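Below is one structure, written out as structure tokens; comments come after it.
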Amino acid sequence: MFDLICTIFDMATLIIYYNAFFNGQRKKSIPLPVFFLCFFVGETVLFLLSLFFSISSSTPNSIILLVTSLFSLFLQTYLYNGPTKNRILAVISFQFYATFAEAVVYLIISLLPSSLSEALLSDMVFCAFFSKVLLFLLVITTTTVLLRKHRRITPQYTILIYLTPIASFFVMFTIPTEAVSSHMHSFLKMTSCAGMLVLNIVNYFLLDNILQVKELEKTQEILDTQVGFQSEKYQLISNAYRNTRKLIHDTKKQFLYLQNAISEAHYEEAKKYLEQTLLSLDKDYSRVNTGNLVIDAFVSNHMAISKQEGILFETLLQIDQPNNLPVNDYDFSILLGNLLDNSLNTCRKIPSPYPRKIQVDIRTSSLELLIHISNSVLEETPKESKSSNENLNHGYGTVKIDQITRQHCGTYSHYIKDGMYHAIVILPFISK
């Protein structure tokens with residue numbers, strides 16, 4: 001029974017390690033029962049070979065067992081997607097951890113008093129338990145480091161994930177080495193070790209599932225925020241479109257009035273009407289008119305907000321082909337909207353005695369579209385940038401900027417110079 005538990009424990013440990021090493025990219029073409037069966041068969045074969053070779057501990061047998069183990073581990077990597085170098089690295093590292101765990105346990109026991117050392121080394125259950133839990137500790141340490149690149153590992157998760165294997169060591173030390181009934185003592189010790197091995201695996205997968213649920217909740221929260229953001233930006237473009245249609249409608253009526261005034265020689269009235277119309281255009285309609293609806297709507301909106309909040313807003317817009325940009329309107333709305341929002345939000349945090357300025361430079365050439373947006377920052381801002389990146393809106397917005405830029409084969413860079421934060425996006429024109 002204990003041997004079966006050990007085999008399942010080894011299988012689970014290896015799956016945990018490979019899942020983290022290959023970033024969970026299991027081959028979907030392989031059914032889940034077959035996936036688990038491959039690991040179980042591999043571990044069972046290694047266990048049977050270890051029993052067979054344990055009769056004779058000669059060097060050739062040890063080499064055969066090691067080669068078989070490496071070959072089995074390598075074959076199991078083909079249950080995942082990944083390059084060959086990653087497969088080799090995963091196999092070598094896991095085999096090293098397994099060998100290292102056994103060597104450390106043997107070394108520690110050898111340092112104990114000779115009578116106790118001999119008793120423990122002859123206790124296969126004790127040695128197997130400690131080497132497997134130590135291997136499990138090495139594996140979860142490595143997987144925690146690997147998962148940090150893709151998942152948000154909290155301190156609470158780290159503490160709980162280490163708590164069970166460490167507690168297992170202490171529990172094992174509380175079991176006496178001798179008992180009145182040796183058979184009962186062996187049975188209880190074997191049962192305790194098997195139970196603790198199962199507990200370690202169950203605890204890990206429960207905590208991992210809890211972490212995944214928390215990540216899904218956070219992702220849902222981020223998606224809801226981004227949907228609201230996109231809805232707001234599309235409403236902004238919709239309003240700009242309606243304003244444009246209203247402008248065309250009003251201009252048509254004004255032309256008709258001017259036509260009648262000129263035909264009846266009412267030149268003074270026509271002159272006054274023109275002056276009045278020009279003032280109305282400056283007041284009610286956007287001064288940004290590049291011909292691109294996204295640029296006109298977003299820049300005009302942020303220009304108006306900046307004026308209301310006392311933020312200097314400067315623009316340099318040179319768009320030669322406003323309707324032939326290297327990015328579609330949907331992605332461009334998210335890209336430009338996030339860049340402008342980040343600049344505006346940063347300037348809002350600057351106290352009024354300090355200068356607050358936003359500069360928007362958008363231009364096209366025959367090769368690329370350049371978006372250069374800069375804004376004032378305080379000296380403290382670089383220190384606070386880490387915490388601001390953790391903010392849901394700003395952090396996700398920055399990620400989306402980078403994603404869209406990469407999707408269109410562009411580059412995204414940002415830096416601070418002379419009290420200004422600069423964000424630069426370059427999108428190339430790609431010939432179809």
Side-chain angles (χ1 to χ4, degrees), residues 23 25 81 83 149-150 219 222-241 244 286 288-303 313-346 358-375 385 388-389 391-417 420-432:
N23 194 23
Q25 296 181 359
N81 295 310
K149 300 177 182 179
H150 311 284
T219 302
I222 291 173
L223 290 175
D224 290 342
T225 303
Q226 190 63 14
V227 167
F229 170 82
Q230 293 173 0
S231 177
E232 177 187 345
K233 298 311 173 186
Y234 270 109
Q235 185 64 36
L236 184 64
I237 294 178
S238 178
N239 291 337
Y241 178 73
T244 301
S286 169
V288 179
N289 185 22
T290 64
N292 182 276
L293 188 60
V294 175
I295 296 176
D296 295 346
F298 280 71
V299 175
S300 298
N301 179 68
H302 285 77
M303 180 187 291
F313 195 97
E314 299 177 349
T315 61
L316 178 59
L317 309 173
Q318 298 177 354
I319 311 298
D320 296 330
Q321 299 177 330
N323 296 319
N324 190 29
L325 299 182
V327 57
N328 57 64
D329 288 346
Y330 178 84
D331 288 342
F332 196 25
S333 298
I334 299 174
L335 181 67
L336 185 59
N338 276 308
L339 287 169
L340 289 170
D341 280 350
N342 290 345
S343 295
L344 185 60
N345 291 333
T346 302
I358 297 176
Q359 294 177 323
V360 179
D361 182 2
I362 305 177
R363 63 181 70 188
T364 58
S365 67
S366 59
L367 300 176
E368 62 194 18
L369 165 67
L370 169 69
I371 305 170
H372 181 185
I373 298 179
S374 54
N375 57 267
S385 60
S388 64
N389 284 337
N391 178 271
L392 183 63
N393 297 332
H394 178 74
Y396 186 70
T398 303
V399 171
K400 289 299 294 182
I401 292 170
D402 186 61
Q403 287 179 350
I404 293 173
T405 303
R406 291 176 181 273
Q407 181 182 342
H408 292 83
C409 304
T411 59
Y412 169 49
S413 59
H414 46 89
Y415 60 91
I416 295 177
K417 182 179 180 182
M420 296 288 289
Y421 176 87
H422 299 263
I424 301 175
V425 174
I426 300 176
L427 302 176
F429 285 96
I430 300 177
S431 301
K432 297 182 180 180

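For reference, positions follow the sequence shown, starting with 1. As the structure is a computational prediction, the values presented were derived from the model and not from experiment. Side chains included, hydrogens not; waters and symmetry mates left out as well; all remaining heavy atoms used.
A distance of 15.5 Å separates NE2 of His408 from CD1 of Ile426, quoted to the nearest 0.5 Å. Atom-to-atom distance recorded for Ile362:CD1 and Ile373:CD1 is 5.5 Å, nearest 0.5 angstrom. Here OG1 of Thr315 is found 9.5 Å from CG of Asp361. Values are rounded to the nearest 0.5 Å. Atom CG of Leu336 is separated from atom CD1 of Ile295 by 7.0 Å, given to the nearest 0.5 angstrom. One finds the CD atom of Glu368 at 13.5 Å from the SG atom of Cys409 (value rounded to the nearest 0.5 Å). Annotation: the span from Ser343 atom OG to Gln359 atom CD amounts to 10.5 Å, rounded to 0.5 Å.
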May I have the step-by-step check of side chain to side chain donor-acceptor pair (under 3.5 Å) for Asp341 and His302, ending in yes or no? CA-CA 8 Å; Asp341 280 350; His302 285 77; 2.8 Å; yes
Tell me, with the steps shown, if Phe332 and Ile371 meet side chain to side chain contact (heavy atoms under 4.5 Å, CB included). CA-CA 11 Å; Phe332 196 25; Ile371 305 170; 3.6 Å; yes
Is there a side chain to side chain contact (heavy atoms under 4.5 Å, CB included) between Phe313 and Val299? Walk through the geometry before answering. CA-CA 10 Å; Phe313 195 97; Val299 175; 3.9 Å; yes
Tell me, with the steps shown, if Leu340 and Asn342 meet side chain to side chain contact (heavy atoms under 4.5 Å, CB included). CA-CA 5 Å; Leu340 289 170; Asn342 290 345; over 6 Å; no
What do the steps show when you test His414 against His422 for side chain to side chain donor-acceptor pair (under 3.5 Å), and what is the final call? CA-CA 5 Å; His414 46 89; His422 299 263; over 6 Å; no
Pair Phe429-Ser366, side chain to side chain contact (heavy atoms under 4.5 Å, CB included): steps then yes or no: CA-CA 8 Å; Phe429 285 96; Ser366 59; over 6 Å; no
Kindly determine whether Asp402 and Lys400 satisfy salt bridge (charged side-chain N to carboxylate O under 4.0 Å, His left out), including the steps that lead there. CA-CA 5 Å; Asp402 186 61; Lys400 289 299 294 182; over 6 Å; no
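When every heavy atom of Gly410 is checked against every heavy atom of Pro428, the shortest pair comes out as CA-CD, 3.8 Å. Between Gly291 and Pro322 the shortest heavy-atom distance is C-CB, 3.5 Å. Considering all non-hydrogen atoms of both residues, Tyr412 and Ala423 come closest at CE1-CB, 4.3 Å. Nearest heavy-atom pair across Gln321 and Leu325 is O-CD2, 3.6 Å.
Judged by distance alone, the side chain of Asp331 and the main-chain N or O of Val327 form no donor-acceptor pair under 3.5 Å. Formation of a donor-acceptor pair under 3.5 Å by the Asp296 side chain with backbone atoms of Thr290 is found in this model. A donor-acceptor distance shorter than 3.5 angstrom exists from the side chain of Ser365 to the backbone of Leu367, with no hydrogens or angles considered. Using modelled atom types, no side-chain atom of Asn23 and backbone atom of Gln25 make a donor-acceptor pair closer than 3.5 Å. In this structure a side-chain-to-backbone donor-acceptor pair under 3.5 Å is missing from Asn301 to Ala297. Without hydrogens or angle criteria, Asp329 side chain to Val294 main chain gives no donor-acceptor distance under 3.5 Å.
The one candidate from Thr398, Asn375, Ile401 that meets the side chain to side chain contact (heavy atoms under 4.5 Å, CB included) condition with Leu339 is Ile401.
Phe298 has its side chain within reach of Ser333: a pair of non-hydrogen atoms, C-beta onward, lies under 4.5 Å apart. Contact of the Thr364 side chain with the Leu370 side chain is not registered, since no non-hydrogen atoms from C-beta on lie closer than 4.5 Å.
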